[in-house]
Amino acid sequence: MAAFVPPNERNAQSPHLPFGDYREAPLYGKDIISVSQFSREDLDYIFGVAKEMRAMVERIGTFDLLKGKILANLFYEPSTRTSSSFFSAMERLGGSVIPINEVTYSSVAKGESLPDTIRTLECYADVIVLRHPEVGSAALAAEYARKPIINGGDGIGEHPTQALLDLFTIKEELGRVDGLTVTMLGDLKYGRTVHSLARLLSLFAVQLNYISPDILRMPADLVKKLEAKGVSQKEYSTLETVLAETDVLYVTRVQKERFENLEEYEKVKGAYVITPETLKPCKDEMIVMHPLPRVGEISLEIDTDPRAAYFRQMEYGLYVRMALLAMVLGKA
Ligand code: NCD
């Protein structure tokens, strides 16, 4: 007698493919957990779709590519840009969103485990964006989920969609990636955006410079991994030496919430501040980026400098996240 197979597993064995012929597309039905999963070809594909999304938004604003599809936005940590840009991306594609923010009002506050919350939401949604304080949480969620999981930041681990939008920003603003010098500044220990971006840039011929207070240096295991891939990396404690050769100055905030000892935070919180004076030795054709929020690392006077790309960077994020949603759902 054949063993009993519960109906949901029967579906998993023979998935229903509702969208016709998009199964060859690189991300269809996939999770987005780490930037390590992408090749340069994948990036070209994603950025091609992102450009189409931009053209459509500029032309008509909102359209029905993902009509009837539902995104669950599950955020266990604060977020402004990641949550609202995914929300906007889904709505601009004609889909809808279940927003779960800071989980105070959901069953997580009653002690529900991450796998159970994921199993619940995937009954109601077609794709889940997860932000969670623990490294590896997105990978864990993906193990349990039948629907695509998109990592919206797992503690100090990775923030792959931010790295994709950062790279898209660099390409759009400077026209290339190979040959660039990218200087990362600030909290390189706890900043997940720089962890993902450095990994993603290892696919290109770049010079990476790291500048941070001593206690916030880029994790040694990550530096070693990139070294093994042949990436040229240099560490500095002051900014001045590398400014003239920098094409991308990527500034980050010191991640106060990750410190066990707040006295340590107080010592390093104001370590670097970018002012108009700082940018004097810089090229005309370079950009200043920041994943935001900023808490004093970039003075407001920089905002009107054409090289300040951080507000444009947020907008690029919308198009990249529209592309990712359309791709994982088999519509691009
Ligand atoms: C970043 C994050 O959450 O890692 N923010 C973002 O997603 N744009 C950076 C930060 O919080 O400093």
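All ligand and atom numbering here is 1-based and tracks the order in the structure.
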TODO: Give the atoms of ligand 1, by number and element, whose distance to some non-hydrogen atom of P293 is under 4.0 Å.
DONE: 10 (C), 11 (O)
- [ ] Enumerate the atoms of ligand 1 whose separation from the nearest heavy atom of Q162 is less than 4.0 angstrom.
- [x] 6 (C), 7 (O), 8 (N)
Open item on the list: Surrounding CZ of F63 (heavy atoms of other residues, nucleotides or ligands, distance under 6.0 Å), is the total greater than 12?
Closed with: yes
Open item on the list: Less than 4.5 Å apart, side chain to side chain, heavy atoms only: is that true for M90 and K69?
Closed with: yes
Open item on the list: Less than 4.5 Å apart, side chain to side chain, heavy atoms only: is that true for V194 and M218?
Closed with: yes
- [ ] Looking only at distances, please establish whether an N/O atom of ligand 1 is found under 3.5 Å from an N/O atom of H159.
- [x] yes
Among protein heavy atoms, which lies nearest [atom], and at what distance?
atom	result
atom 4 (O) of ligand 1	R192 NE, 2.7 Å
atom 11 (O) of ligand 1	R253 NH2, 2.9 Å
atom 6 (C) of ligand 1	L292 O, 3.6 Å

Open item on the list: Can you tell me how far apart CD (Q162) and CZ (R192) are? Round to the nearest 0.5 Å.
Closed with: 9.5 Å
Task: Between CG on residue D31 and NZ on residue K147, distance to nearest 0.5 Å - done: 12.5 Å
Open item on the list: Please identify which of these residues, I298, T304, L300, meets the side-chain contact (heavy atoms from CB on, under 4.5 Å) condition with I302.
Closed with: I298
Task: M314 to ligand 1, any heavy atom closer than 4.0 Å - done: no
Open item on the list: Counting only heavy atoms, tell me which of S196, P291, G155 gets closest to atom 8 (N) of ligand 1.
Closed with: P291
Open item on the list: Using a strict threshold of under 4.0 Å (side-chain N to carboxylate O), is an ion pair present between D116 and R119?
Closed with: yes
- [ ] Please work out whether any backbone atom (N, CA, C, O) or any side-chain heavy atom from C-beta onward of Q255 is under 4.0 Å from ligand 1, and answer side chain, backbone, both or neither.
- [x] side chain
